[in-house]
Amino acid sequence: MEYNFNEIEARWQKAWREQGVYRTEESAGRPHYYVLDMFPYPSGAGLHVGHPLGYIASDIYSRYKRLRGYNVLHPMGYDAYGLPAEQYAIQTGQHPAVTTEQNIRRYREQLDKIGFSFDWSREVRTCDPQYYKWTQWTFIQLFNHYYDNELQKARPISELVSKLERGVVQPEGGKAWAGMSEGEREDYLMGHRLAYLADIPVNWCAELGTVLANDEVVGGLSVRGGYPVERKLMRQWSLRITAYAQRLVDGLEQVEWTDSLKEIQRNWIGRSEGAAVWFPVSDALKFEIFTTRPDTIFGVTFMVLCPEHELITEITTPDRKAEVEAYVAWAKNRSERERQAEVKKVSGVFTGAYAFNPLTEEKIPIWVSEYVLAGYGTGAIMAVPAHDSRDFAFARHFGLPIRQVVAPERDAVSDPATWQESLDSKSGYSVNSGFVSGMKVKEAMAAVIAKIEEMGIGHRTVNYRLRDAIFSRQRYWGEPFPVYYKEGRPRMLPEECLPLELPEVSDFKPTATGEPPLGHAQKWAWDEASRCVVETSKIDHKTVFPLELSTMPGFAGSSGYYLRYMDPGNEKEYFSQQAVQYWQNVDLYVGGAEHGTGHLIYARFWNKFLFDLGLAAKDEPFQKLINQGMIQGRSNFVYRSKQDNNLYISKGLVKNMEEVTAIHVDINIVDNDVLDLEKFKAWRPEFAEARFELEDGKYVCGWEIEKMSKSMYNVQNPDDLVARYGADTLRLYEMFLGPVEQAKPWDTGGIEGVHRFLKKLWKLYDNYLNNLSGQSDLSNLNNRSNQSNPGKEEMKVLHQTIKKITDDIERFSFNTSVSTFMICCNQLTDLKCASSEVLKPLLVLLSPFAPHIAEELWHRMGEGDTVCRAQWPECEAQYLVEDTVKYPVQFNGKMRFTLDLPAAATQEEAVAAVLGAPESAKWLGGKEPRKVIFVPKKIINIVC
RNA sequence: GCGGACAUGGCGUAAUCGGUAGCCGCGCCAGACUUAGGAUCUGGUUCCGAAAGGAGUGGGGGUUCGAGUCCCCCUGUCCGCACCA
């Protein structure tokens, strides 16, 4: 019988779906395991072969764990809110809900064809009101909580209020709680809520009409679309993720992620230890700076404020005023891109004012420069040009003094005027530094901190590079905020009124007045009395109030989705305690490393907050994480002659690339770099009249590795491959390509080999089944092996395979597993294996990788139940032991002969065998060997 | 500039503990069966050499009886961050 993969795969996919084979229920007593994929954004382009790479790997592991007796949760869903659907809507007027629904259907079809074991009854979509109800609910909780630095966890804001009322806590601003007005109190609390509204400098992208989070901006351009981004002060919702900075750093110790990804997160959080120091300007005025090098305080020769610093207008002397104002205005108008492009250009202006160094009592000039950032530390620095490269460049540019206070060796002082660069190293000794002179840098740091703490002018502190996450987007296609505005202040909707559903709008573009698209909504106002959404026209600011017009960003919906999978149908809670106590957290998370500074930080923060609320079971959401490598595209080119615009020259005949134009050609009309001429002519009208210069009768295309993208015609669609080779071949081939974690170009060159293996495997089983029914040549049967009595050789092959496959899966080395199967199949074919005791367990081993063919053969072998519910075979050690092993015997590292020894030979037996061998005599010459290195089953090494 | 990862045949890769480097597959070469082959099967395929033999895991050095693997330096590629005080 032929291996008819299309028929087999369709039939089993249907059967699995109808029987609910992959349904998962909580079941006490069974060990549980949660395998999660990063859910996809359903884009209009559909899946390409890069998407399933991680899904196949996680599917293999899920199926393996199930066969091992685990109750496995392996869900899938859609990250369905996002910019592309909305931009498509703006262009075509199609409602994002409609296009999203279409895309989801297409994704689902494509996913189904690959034979994944997802429990689709648990599907979540971030744009489903029953899902985003809980995104909104979490936002309200964030608003109603603050971070208690003593307890190191989130607590209800009412507790803070109570502490303030009892005087246990004093407001930082100086003004007492009791003396505050209602408004002042609300402002104060807003400064502590974990979700808060504030005027903050944001990344504003005019082209997209929205603000963006830091991880959505790269090099001053938006990640999506690559449009310019500028800094702008806007009133925005933010999440106080910085409150969790320390826990986000600490938590990395507990999880099994790659070192590189942990390092990416540590860098992003950017923890640095140092000191905060107050520098007085006058008796009434002082300002705070942050430094990681308190030991260099004796080397301060000027101070620098960022252009946004509030003190600038107060301290600037009248004669400098015009110049300073001009500089500040210039700096503020510069785009983010200009700033970043001109990082090396030094600019700045002197304010005319001076600060006093509290340790040296010197008068130090105060400057303003954009190299000091408003968003980090206090937006003000003490400049130590001798030991900081940026301060050094600034000092050189403006001719400011440079004073050495650290020397690489004790008293190795030189004239800084001769220096080419600053001495930034922390190894060395303090010099010219008063009471710390002569100390090592580390000791000097501690001593200076102790001194300033004693003087009450500063303290040890920690700073983070991480910024609070801006949570407002001026977009339509996102979760609405459960917020309305009363007397100019935000109010949360009552929890019972959730979800607050996204309203219909007439236009997805921002309004003429610059309001977000929700400004177009006819019905977008909150009636406090009837507690429902009413027409916008009814807003009277007495009983009917305006609702928030911005929506939540993409990371809102993806921050807690893994928890919702545990209990997706729950209408009363985000997820039940019963479910979360059973599943705990994600055991294995598979996805791309590009989410390292976005989703993976936000989700950890979200989870930690829910953990503080007593909802999440674990502090960290993702125990083990595997980053699948990106699959790049392999583009093909044709070469058009520059002389003759209809002449296309085969690659080998192109003598000079100057004479031709390389044109991207659709990889679907190219096979093994050979162009299909007829399909090429039919591809696009301009090629209809094409003529070719062929080599050996073929047109050979050029190729290059590029990003997989529509515009380069190099997108490999999995459906075509499934139709041509079957899902099992695709699954095996994607794994065979190389380690899951590694980035690699997509190349169909080797897919035939994998497909050939499945055909051989099919034949192996087909022969066995034919022999059973006596339809074929019985001489194929091996004497040593029949159905009830497998030969020892076959058992050896089987058990070696069990061991290898089990080890491979445990360490996620799926590419080597595929090789192992090929070897096993070849060996069993050579042995003419005809024993169900060997062939059946092999199908169980194969089923995580190639579930359809395994299932089909499993049934043909007479099994009733699905192979998915079989038991993973145990490896029996007796079959792994070789009777004898050939040992290469080496003298002084040079191999001279081999010896047959029992596999279980000991050191003594090995030595005796070597000494007894006639070959030894000439090397040892009767002497005892100096040393014998014996590696069981591998090698005997003799040192003479 | 800072941080991280990687470097093995013509290609994708393997070598799990420091122990015969190159498994498996692609490609290529030769052969078999065929009217035919983009089907199937068999054998070969790191490089140099007719062979014997020699060289060999980006380059240089070190540790070791023994290094693709460990340490130091260099080169190259990829990724992350980037005026973060």
Side-chain angles (χ1 to χ4, degrees), chain A residues 218-219 258-268 270-272 274 289-293 296 304 306 339-340 342-346 369-373 375-384 387-391 393-394 421 424 463-467 593-594 596-597 627 629-630 671-672 674 732-733 736-739 741-745 747-757 759-760 763 804 807-808 810-811 813 815-824 826 886-895 898 929-944:
Chain A
V218 170
T258 60
D259 289 340
S260 75
L261 187 60
K262 286 185 184 182
E263 208 47 45
I264 286 171
Q265 291 217 340
R266 282 195 199 101
N267 276 340
W268 188 259
R271 181 184 197 277
S272 46
I289 59 99
F290 171 74
T291 179
T292 55
R293 294 295 301 274
T296 61
V304 189
C306 65
R339 266 198 181 201
Q340 295 196 358
E342 295 167 15
V343 155
K344 293 215 164 64
K345 280 196 184 171
V346 178
S369 173
E370 66 171 358
Y371 87 89
V372 173
L373 304 177
Y376 184 78
T378 58
I381 62 155
M382 61 177 216
V384 185
H387 307 290
D388 181 286
S389 56
R390 296 150 304 181
D391 298 345
F394 194 83
E421 55 183 12
D424 294 10
N463 236 304
Y464 300 91
R465 231 180 58 188
L466 186 72
R467 313 283 166 83
E594 67 271 21
T597 53
N627 294 120
M630 181 112 67
D671 192 18
N672 265 329
V674 176
L732 285 174
Y733 185 59
F736 186 68
L737 227 39
E741 299 91 332
Q742 200 172 298
K744 54 216 152 208
D747 178 7
T748 48
I751 198 166
E752 296 283 352
V754 171
H755 189 58
R756 215 167 279 153
F757 153 67
K759 284 197 277 191
K760 281 186 205 166
K763 211 165 169 186
K804 188 75 180 14
D807 290 351
D808 285 348
E810 291 288 0
R811 63 194 177 94
S813 176
N815 53 331
T816 55
S817 305
V818 181
S819 298
T820 305
F821 281 124
M822 290 177 177
I823 296 167
C824 172
N826 284 338
K886 281 200 189 302
Y887 281 87
V889 180
Q890 300 180 30
F891 287 90
N892 272 357
K894 290 217 161 193
M895 189 175 76
T898 56
R930 272 204 297 149
K931 198 171 166 190
V932 177
I933 295 109
F934 174 68
V935 181
K937 291 167 94 175
K938 289 258 166 119
I939 196 168
I940 303 169
N941 208 318
I942 317 287
V943 185
C944 301

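In the text below, chain A, chain B and the rest are named by the order of the sequence lines, each starting its count at 1.
Applying the 4.0 Å criterion to OP1 and OP2 of B:rC24, one finds that A:N815 has every side-chain N and O outside that range. Considering only side-chain N and O atoms, A:T597 lies nowhere under 4.0 angstrom from the phosphate OP1 or OP2 of B:rG80. For B:rU40, one of the phosphate oxygens OP1 or OP2 lies less than 4.0 angstrom from a side-chain nitrogen or oxygen of A:K759. Phosphate contact (OP1/OP2 of B:rG80, side-chain N/O of A:R266, threshold under 4.0 Å): absent.
The CZ-C1' distance, from A:R467 to B:rC81, rounds to 13 Å in whole Å. Rounded to a whole Å, the CG atom of A:L261 is 12 Å from the C1' atom of B:rA5. The distance between atom CD of A:E810 and atom C1' of B:rU16, rounded to the nearest whole Å, is 13 Å. Rounded to whole Å, atom P of B:rC11 lies 18 Å from atom NZ of A:K744. With rounding to whole Å, A:F736 atom CZ is found 10 Å from B:rC24 atom P. Put simply, CG on A:D424 is 13 Å from C1' on B:rC83, counting in whole angstrom units. Going from atom OH of A:Y464 over to atom C1' of B:rA85 covers 17 Å, rounded to whole Å. Across the protein-nucleic acid pair, A:I381 atom CD1 and B:rC83 atom C1' stand 10 Å apart, rounded to whole Å.
Here A:E752 lies out of heavy-atom contact (under 4.0 Å) with every strand. Residue A:K262 is out of contact with every strand shown, counting any heavy-atom pair closer than 4.0 Å.
By the rule that a glycosidic angle within 90° of 0 means syn, B:rG4 does not qualify and counts as anti. Base orientation at B:rC78 is anti, since its O4'-C1' glycosidic dihedral falls outside 90° of 0.
Scanning both residues, A:F736 and A:N815, for their nearest heavy atoms gives O-CB, 4.0 Å. Between A:E263 and A:R266 the shortest heavy-atom distance is OE1-NH1, 3.1 Å. When all heavy atoms of A:V372 and A:G379 are compared, the closest pair comes out as CG1-O, 3.5 Å.
For A:V372, the listed nucleotide lying nearest its side chain is B:rA85; candidates were B:rA85, B:rC41, B:rC26. Considering only side-chain atoms of A:S819, the nucleotide from B:rC83, B:rA82, B:rC24 that sits closest is B:rC24. When distances are taken from the side chain of A:S272 to each of B:rA14, B:rA85, B:rG4, the shortest belongs to B:rA85. When each of B:rA82, B:rA14, B:rU16 is scored by its nearest atom to the side-chain atoms of A:P739, the top-ranked nucleotide is B:rA14. Out of B:rC41, B:rA85, B:rC24, the shortest distance to the side chain of A:K760 is found at B:rC41. Comparing atom distances between the A:N267 side chain and each of B:rG12, B:rG80, B:rU16 picks out B:rG80 as nearest. Nearest to the side chain of A:E263, among B:rG4, B:rU16, B:rC81, sits B:rG4. For A:Y376, whose side chain is taken as the heavy atoms from C-beta onward, the closest listed nucleotide among B:rC83, B:rA85, B:rC24 is B:rA85.
A gap of 11 Å separates the C1' atoms of B:rG68 and B:rG22, to the nearest Å. For the C1' atoms, the distance from B:rA51 to B:rG58 is 32 Å, rounded to whole Å. Here, B:rU57 and B:rG4 have their P atoms 27 Å apart, quoted to the whole Å. A distance of about 35 Å separates the C1' atoms of B:rG27 and B:rG66, rounded to the whole Å. Taking the P atom of each, B:rG18 and B:rG3 are spaced 27 Å apart, rounded to whole Å. For the P atoms, the distance from B:rC72 to B:rU63 is 15 Å, rounded to whole Å. Taking atom P in both B:rC79 and B:rC47, the straight-line distance is 32 Å, to the nearest Å. A gap of 13 Å separates the P atoms of B:rG9 and B:rA14, to the nearest Å.
Only one option out of A:V304, A:I381, A:V346 pairs with A:S369 in a side chain to side chain contact (heavy atoms under 4.5 Å, CB included); it is A:V304.
Counting heavy atoms from C-beta on, the side chains of A:V754 and A:M822 come closer than 4.5 Å. The shortest distance between side-chain heavy atoms of A:S272 and A:F290 falls below 4.5 Å. A heavy-atom distance below 4.5 Å is not found between the side chains of A:D424 and A:R293.
For the pair A:D259 and A:N826, nearest-nucleotide mapping onto RNA chain B gives the more 5' position to A:D259. Checking A:L373 against A:K763, the closest nucleotide of RNA chain B that is more toward the 5' end is the one next to A:K763.
Side-chain N or O atoms of A:T258 include one that pairs as donor or acceptor with a backbone N or O of A:L261 at under 3.5 Å. Side chain of A:R465 to main chain of A:N267: a donor-acceptor pair is present (N/O by atom type, distance under 3.5 Å, no hydrogens or angles).
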**Report entry** Watson-Crick and G-U pairing of RNA chain B, under 3.5 Å, as dot-bracket with | and [ ]
**Finding:** (((((((..(((......[....)))((((((.......))))))(((....)))..(((((..]....))))))))))))....
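Judged as a ring-ring contact (aromatic ring centres under 6.0 Å, His included), and not counting sequence neighbours, the contacts of A:Y371 are A:F394.
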